[in-house]
Structures are given as C-alpha cells and as structure tokens.
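As a basis for the values below, the full set of heavy atoms in this structure was taken, side chains included, without hydrogen atoms, waters or symmetry mates. Proteins get letters first, then strands, A, B, ... in listed order; numbering begins at 1 in each.
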Number of protein chains: 2
Amino acid sequence: MALRHAVLAALLDGELSGYQLAKAFDVGVANFWHALPQQLYAELAKLEQEGLVAGRRVVQETRPTKRLFHVTDAGLTELERFAAAASKPSFIRDDLLVKVQAADHVDAGPLIRQVEERAAMAEAKIDLFRRILRKMRGGLGEEEFLRAGRRVGPYLTCLRGLAFEEGNRDWCLRTAAILRERSPAAPDGRTAAVPGEGIAAMPREGTAPAPRNPEVAHAER
Amino acid sequence: MALRHAVLAALLDGELSGYQLAKAFDVGVANFWHALPQQLYAELAKLEQEGLVAGRRVVQETRPTKRLFHVTDAGLTELERFAAAASKPSFIRDDLLVKVQAADHVDAGPLIRQVEERAAMAEAKIDLFRRILRKMRGGLGEEEFLRAGRRVGPYLTCLRGLAFEEGNRDWCLRTAAILRERSPAAPDGRTAAVPGEGIAAMPREGTAPAPRNPEVAHAER
DNA sequence: TATGACTATTCAACGAATTGAGTAGCAGCG
DNA sequence: CGCTGCTACTCAATTCGTTGAATAGTCATA
C-alpha cells in the first residue's frame, strides 16, 4: 500500500505527467521506490478518483497531449497520515546476492563477470547521484544546504541512494577479487565449481531452549 | 522468478523444513531475500513437483512431523543455469525513504522518531550479523577464511547485509540529527511542518535534445 | 490450570507487480 | 524514404506477494 505514497511524494516538487513519473521511477533515479509505467498510470488513475491528486490536460504542438498531475490538499493529508504511521522494515531482494550465496556450488566465471558488471553499474549511479546532489544544493555547501535549504527530503533520500551504491560497489569489487583468487582458472573467469560441503549458512541458533534432537524415525517421501 | 532460486540457495547447506526455512527468510537473517512462510511452503511444493528439491518425512516424538528438503541434482543444475543468466538490478523499496522524501511537507516529530527507531533496528542487525560472521569463520581471521574457507558464499552475502545495515544506521542517525536541527520545536519531536516550495527533487534532466517547451494551451480536467 | 508461545503446515482471497502487446504521431538519421 | 527512437498512454493476462485464518499438540510461565 505504499506505491501511492511514493507517487504522492514524487509529485511534491511540481507537476509531472505519468510518463515523466515513469522515467523518474524507472531508471536508476528511483532511489526510494521502483515501479513500471503501467503501475504508475494505474496508480495515478486511482489517486485521481480518490481526489488525492488532480491532473490538467496540456495540449502540445508537436507531441501527444499529456496530463500533468499535482497533489491535492487531501493528498497532502493522506501523506501526513502515512508519514505518522509505522513503517515496515525494508528488505533487500537481489538476484545477484542469491547467486553469490550459491557461489561455492556454481561456476565462478559468469558470476565474477556479473559481480564486476554490477560494480560498474554502481559506479555509474554514484556519478549520477553526485551530479544530482550538486544540482540540488546549488551553490551551497552540503552542511549549509542541509541546515538552511528549502527542500531537504529529496536530498536526504539521494544521499541514502549514494551510500547504498557506494556500498554496492565496494562489496562487488571485494567479492569479485575474492572469487577470482579462489578460482584456480584463467584470469578472465572460466572455472569449474569446487563443490565443498559444510559450515552452516543460516544461523538457526537456539532461539527456543535447544530442541535436544527429537528426531526419531525416518520414512521417505 | 527468483524466489525459487533463493530457496535452492538456502537449502545448499543442508536439509531444512519449510518452517526452518521460513525462520531463515523471515527474521533479519534474510540478507539476500525475503519471503513469508506461505510463499515458501508453496514454492517448496512446486520445486518438489518439478524435481528440483526432494523431501523426507521426519517423525518426531513430541512435535509435529516435519519434512526436510534438500536440493537434487536437477536443482543444482537449475541453480547453475540461473547463476549464469543475467541478473536484474536490485532496487530499494522502503517506506521510510518515501517518508523522508516528503519530510519538508510533513510533521517532523513522528518522522524523526521513526528514523531513530530504524537506526536502533539497524544496530541490532549489525550485532547479529557480526555474531553470524564470527561463527562462520570459526577460529580463522577474515582474510584467511575468505582465501581458504570451504564455503564463502553465505559469508559474502552476510558481509553485504552488514555493510547495508551499517549504511542504514549511519544515514538514519545523520538524517535524524538534521531533521531535529531544522525542526524548531521541542527536543523530542512535536513540530508543525514547514511547507516550503521549490527545488526539483527528481532530476528529469534533458535526456532528449531539450524539448524546448512545446506547451501551448491549457484546458482543465 | 489457564495463558500464551512455539512447532509445523495448509487454505483462501485479495491486491500488487511483471510481462507483453498495441496505438500513433513526430523527430532525426542515413 | 524508410528506419529507429521518443513521447504519451492503454489493455489484458498472469504470476507474485500479502493478509488473515485455522488446526493441533507441546512446552514454559504465572
């Protein structure tokens, strides 16, 4: 139930069309949420029905007519309500982490390549975020802007995005180096996986009073 | 289509029941994916049908009978295939970031409280991750373990989780401090929001050759 | 001796997200 | 002149994820 609020938050800085919104949410710049165009159009329609946003039609000379949306007072009230309610914890969902989790059972070559690719993507995002931050604070220094700037919300979320991508890059580079070193093969990848057993991955530590192994009989299937 | 692979990856270190799997995926320890028990039971059933995992029934004295699952050869092959295929970029979805994005339009008090609460949660996870890492590497130093340890996949993903939570904590503390300083009110929160206009949040920079403002006429609704 | 918490799983219903396709005019390129 | 790509949006199908509830025995706590 939070896409709607993400949309409201994104519209706070001025009118946007569904299309512009989609750009903002799609490409890397979605540093606080992610969504596809179809979802956004659908959400805008719902928000408009409920009176939380309002749109005005803008006819253009050379391009298709578009509709620019802005947050209404009711929308602001709803955002206020949302902001005061409890947040659910954020969680990561990342293909690449799943693959690294399985790293010891899987061909290291392609994995290393993907981790390094991801490092490069992170680097690109870091550059982008830095540019955006510079633009937002205008001539001011960061501390100054954060103390006195008019609108710091987007700046703060962008800072989080920056730190996230820096963490990503650092971890990817280190991980790639480690996997490369462990992988006895050619410098550009290409290895057979070394199976390797043991050492529990997940903790499954005694939260309960240690179930003193109540297993008794085994029947299959 | 990656929950299945997350399950396979989690089962690599030994048999788990749906329930145990749910624990691992639910509480903080899901440092590479997140899912609810119902999803996991459903996914296990599908995986079993497709022969990617196999379960054996374990009758227990005092507790309900459970089924322990392990990855089959076909499952390993599928993981291998997955690991070699392209990854989709990871994205963040976080309520709290949405709220901070709207920080300038919203009551600062509850927000600050939530950000600080999140910092504390991050701290707790940091402790947990550090304990897990220590346990995984046994007596060895980190570098040593990463060079020579048998199973580094889970260690590496846990390192990412640790760095993520450290980033979370640092950002939350800084953000809380900034919002507190900007908020003219009592030291424990309670402020009226300062509306404030301008400054574009999203970049919407000229990716296309600068649409030289083709707006012409406005009609409403 | 209730009470609630844990183990272990299943079912149903709903809402959210992804996939894929389609429309249609304009701009720039070779 | 045809091609690709951009703006701007819509529709349908399907899968994925969340919410809520139920069952049923065991164990520790008050």
Cationic N near anionic O, under 4.0 Å, B/Asp13 to B/Arg151: yes
What is the distance, rounded to the nearest whole Å, between atom CG of A/Leu3 and atom P of D/dC16? 20 Å
With A/Glu50, which residues qualify under salt bridge (Lys or Arg N to Asp or Glu O under 4.0 Å), at least two apart? A/Arg4
Residues at least two apart in sequence or cross-chain that pass salt bridge (Lys or Arg N to Asp or Glu O under 4.0 Å) with A/Arg81, listed by chain then number, are A/Glu78
It should be established whether B/Lys23 places a side-chain nitrogen or oxygen under 4.0 Å from OP1 or OP2 of nucleotide C/dT7. yes
Please state how far atom CG in B/Leu36 lies from atom C1' in D/dG20, giving the value in whole angstrom units. 12 Å
Is B/Gln114 close to B/Leu96 at the side-chain level, that is, under 4.5 Å between some pair of heavy atoms? yes
Just by modelled atom types, is the A/Tyr19 backbone N or O under 3.5 Å from a matching donor or acceptor in the A/Tyr41 side chain? yes
Could you give the CG-to-P distance, from A/Asp26 to C/dT18, as a whole number of Å? 11 Å
Does a side-chain N or O of A/Gln39 approach OP1 or OP2 of C/dT18 to a distance below 4.0 Å, or not? yes
Taking only residues two or more places apart in sequence or in another chain, which ones pass ring pair (Phe, Tyr, Trp, His ring centres under 6.0 Å) with B/Phe82? B/His5
Sequence neighbours excluded, the answer for side chain to side chain contact (heavy atoms under 4.5 Å, CB included) partners of B/Pro89 is A/Met121
Integer-rounded Å distance: C/dA17 P and B/His34 NE2: 14 Å
Check: protein-nucleotides 2-4 of chain C nitrogen or oxygen pairs below 3.5 Å:
none

What are the atom names and distances for every N/O pair under 3.5 Å that joins the protein to nucleotides 9-11 of chain D?
unit_1: D/dC9; atom_1: OP1; unit_2: A/Arg67; atom_2: N; d: 2.7
unit_1: D/dC9; atom_1: OP2; unit_2: A/Gly18; atom_2: N; d: 3.4
unit_1: D/dC9; atom_1: OP2; unit_2: A/Tyr19; atom_2: N; d: 3.4

The salt bridge (Lys or Arg N to Asp or Glu O under 4.0 Å) partners of A/Arg134 (sequence neighbours excluded) come to none
The criterion is ring pair (Phe, Tyr, Trp, His ring centres under 6.0 Å); which residues satisfy it with B/Phe69, sequence neighbours excluded? none
How far apart are the C-alpha atoms of B/Arg130 and B/Glu166, what are their side-chain angles, what is the distance that settles it, and do they pass the salt bridge (Lys or Arg N to Asp or Glu O under 4.0 Å) test? CA-CA 11 Å; B/Arg130 281 206 226 276; B/Glu166 285 172 344; 3.4 Å; yes
How sharply is the helix from C/dT1-D/dA30 to C/dG30-D/dC1 bent, taking the axes over five pairs at either end and rounding to 10 degrees? 40°
Mind checking whether B/Met136 and B/Pro154 have side chains closer than 4.5 Å, heavy atoms only? yes
Not counting sequence neighbours, which residues clear salt bridge (Lys or Arg N to Asp or Glu O under 4.0 Å) with A/Glu117? List them please. none
Assign each of A/Arg4 and B/Lys88 the nucleotide of DNA chain C bearing its closest heavy atom; nearer the 5' end lies the nucleotide of A/Arg4
Return the value, rounded to whole Å, for the distance between atom CG of A/Leu21 and atom C1' of D/dT7. 15 Å
Interatomic distance where CZ belongs to A/Arg93 and P belongs to C/dA16 [whole Å]: 15 Å
Shorter than 3.5 Å, N or O on both sides, protein versus nucleotides 1-3 of chain D: list them out with atom names.
none

OP1 or OP2 of D/dC27 versus the side-chain N and O atoms of B/Thr62: is any pair under 4.0 Å? yes
Using atom CD of A/Glu43 as one end and atom P of C/dT18 as the other, report the distance to the nearest whole Å. 13 Å
Which whole-number value in Å describes the distance from B/Arg63 CZ to D/dC27 P? 7 Å
Please answer whether the main-chain N or O of B/Ala122 pairs with a side-chain N or O of B/Asn168 as donor and acceptor at a distance below 3.5 Å. no
Qualifying salt bridge (charged side-chain N to carboxylate O under 4.0 Å, His left out) pairs, either residue in residues 82-94 of chain A, two or more places apart: A/Asp94-A/Arg118
